[in-house]
Protein chains: 2
Amino acid sequence: MTQSFFYIFVIMKNKPSLLTMNFSELFVPGLSVDCVIIGFEDHKLKILILKWNSDIDGWALPGGFVLKNEDLDKAAIRVLKERTGVELPFLEQFKTFGNLDRGKRNNALEKVKIDGITPEHIEWMNQRFISTGYVSLVDIKKCDPRPDILSEKIDWIALDELPNLILDHKHIVKKAISFIKNQINYLPIGITLLPERFTMKELQLLYESILEKKLDRGNFQRKMLKLDIFNRHEKHLEGGAHKAPYLYSFDHEKYNKLLEQGFSFNS
Amino acid sequence: MTQSFFYIFVIMKNKPSLLTMNFSELFVPGLSVDCVIIGFEDHKLKILILKWNSDIDGWALPGGFVLKNEDLDKAAIRVLKERTGVELPFLEQFKTFGNLDRGKRNNALEKVKIDGITPEHIEWMNQRFISTGYVSLVDIKKCDPRPDILSEKIDWIALDELPNLILDHKHIVKKAISFIKNQINYLPIGITLLPERFTMKELQLLYESILEKKLDRGNFQRKMLKLDIFNRHEKHLEGGAHKAPYLYSFDHEKYNKLLEQGFSFNS
DNA sequence: GCTTTATTGTGTACAAATGACACAATCTTT
DNA sequence: AAAGATTGTGTCATTTGTACACAATAAAGC
């Protein structure tokens, strides 16, 4: 099962000694977590995915198995930490994928010849898997993406440029995006996805990316500022043939207070 | 594990022969579904729960295990069918519960002496369980609640009168309720929870129950009717010393079309 | 240095919605 | 026939949404 094929190398990179252990004793059987790690760069939403090396075609979401004495949420936190170095993430479960047809198998797993992987490992990984999806919002600049042994690379890829993803991972991404779109007024969008200081233009582009529609500049700016959750800083002297915009940062205390009740951005 | 203790009897009632089978061969290990089945009666939201007989104190949500060749969603549909007879339900997954501390064990399971239950069954059920929560909206009058062997009874209990629930089932209920409150504009609230014909008053009471706040009668009525999803019928000649209200039913086609985009009820 | 160009911050004006309350209509009880 | 209760709808002030306008200003071109 390609999915499991991937996971095992995630583990190898960080804790190679695990390969000498019995998966059945270590992990909850048949259950995994997959993380849709979302960032914002070049005015686009991007997600962190891993490219297979070897002859297997396809990229994969960062994911992993659940330890027997580990909370489900903790497994997702661990995966995020291992792939990005991010410690105190915004991370939220959005759906569990349990259809039988999600694990379309190929024979890639059988071809694997890596020291330490036994037929027992292969068999364990070939069982049916149910996976819980988590979405994380991060500042790309604060991430330190770490590929695993199996992967040629780990990369931030724009949502509209996604390559082939293994298994049902593209479906999982779609569900994650529709989740944050739906929950946009209750998620810490700006504060997690933007750098410390930003312009209103950048914030608007972020919202437009998620909502997939243009917003009126004037109205957006006025409505945002009226929320009274920003600190306005000295002018930004950037290289543009136009009036320089203010830089803003979030007032964390006011922001969190407002987040509880939600705030809407329709226009 | 009390949770599992319950599930086994759900199975016995419907397919007693299953007890002669090996759970490890039949079910996905460590994974269950729990259903929060919601109805509306006497102007109150109610949920369907099962009362233990025996000496175990506590009620439980209808739940069950997942067959090895069964979609996760299908397992929930099966549970709902077995407990209520409802065939084409509104059923939606809302969260998966995977904390280690959710399965506070007691020794009830060890005390069980029922024909066919072996120490192997007990051991299997004593493993750690992760459970996916589903919420269902049903017309109570169309349900035929069926208790299982373990239970004295199955009953519709008002949300504000819930007794002790086993494990983390009370937490699951809370999450389910907060889910439907949050998603109220995208869920088929009225069409699933009310009988075929109803008054605007009833519809309003339903919304007030979910939103946990009073709504203005005039504004609610006007806003609803403006949605143009109702058929208005001849007067209801009920026994009240006042003007008789109209009876309404949903125009299913228009309703479904509107549901896709969502519609809000703030006042 | 002056003009041009692009973009920002804010203003305005109309449309739509929300929210609070009013009142006649009408059904049963007395 | 009158009283009491609830419905269906009306009204209006307030808030919010939407579209567009315009002066301010920073950098680039001449």
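All chains are named by letter (A, B, ...) in the order of the sequence lines, taking the proteins before the strands, and each is independently numbered beginning at 1.
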>> Just the rounded figure in Å: distance from C1' of D:dG17 to CG of A:L211.
In response: 15 Å
> Roughly how many Å is it from CG in B:L203 to P in D:dT6, rounded to a whole number?
Replying inline: 19 Å
> Expressed in angstrom and rounded to an integer, what is the separation of A:K214 atom NZ from D:dG17 atom C1'?
Replying inline: 20 Å
> Can you tell me how far C1' of C:dT8 sits from CE of A:M224, to the nearest Å?
Replying inline: 17 Å
> Can you check whether B:K223 has a side-chain N or O nearer than 4.0 Å to OP1 or OP2 of C:dA17?
Replying inline: no
>> Centre-to-centre under 6.0 Å for B:F179 and B:Y134, is that the case here?
In response: no
Between protein and nucleic acid, restricted to nucleotides 9-12 of chain C and to nitrogen or oxygen atoms under 3.5 Å apart, what atom pairs and distances do you find?
from	atom 1	to	atom 2	distance (Å)
C:dG9	OP1	A:Y246	N	2.7
C:dG9	OP2	A:Q221	NE2	2.7
C:dG9	O5'	A:Q221	NE2	3.3
C:dG9	O4'	A:K243	NZ	3.4
C:dG9	N7	A:R217	NH1	2.9
C:dG9	O6	A:R217	NH2	2.9
C:dT10	OP2	A:R232	NH2	3.4
C:dG11	N7	A:R222	NH2	3.0
C:dG11	O6	A:R222	NH2	2.7

> Is A:R197 salt-bridged to A:E234, going by a charged N under 4.0 Å from an acidic O?
Replying inline: yes
> Just how far, in rounded Å, is P of D:dT9 from CZ of B:F220?
Replying inline: 15 Å
> Can you name the residues that form a side chain to side chain contact (heavy atoms under 4.5 Å, CB included) with B:D160, not counting sequence neighbours?
Replying inline: B:K44, B:A158
>> Check A:D228 with A:K254, please: is the shortest side-chain N to carboxylate O separation under 4.0 Å?
In response: yes
>> My understanding is that only residues two or more places apart in sequence, or in another chain, count here; which of them pass salt bridge (charged side-chain N to carboxylate O under 4.0 Å, His left out) with B:K46?
In response: B:E41, B:D42
> Starting at CD of B:Q204 and ending at C1' of C:dG19, how long is that distance when rounded to a whole Å?
Replying inline: 14 Å
> Out of B:I189, B:D139, B:L205, which one pairs with B:F40 under the side chain to side chain contact (heavy atoms under 4.5 Å, CB included) rule?
Replying inline: B:L205
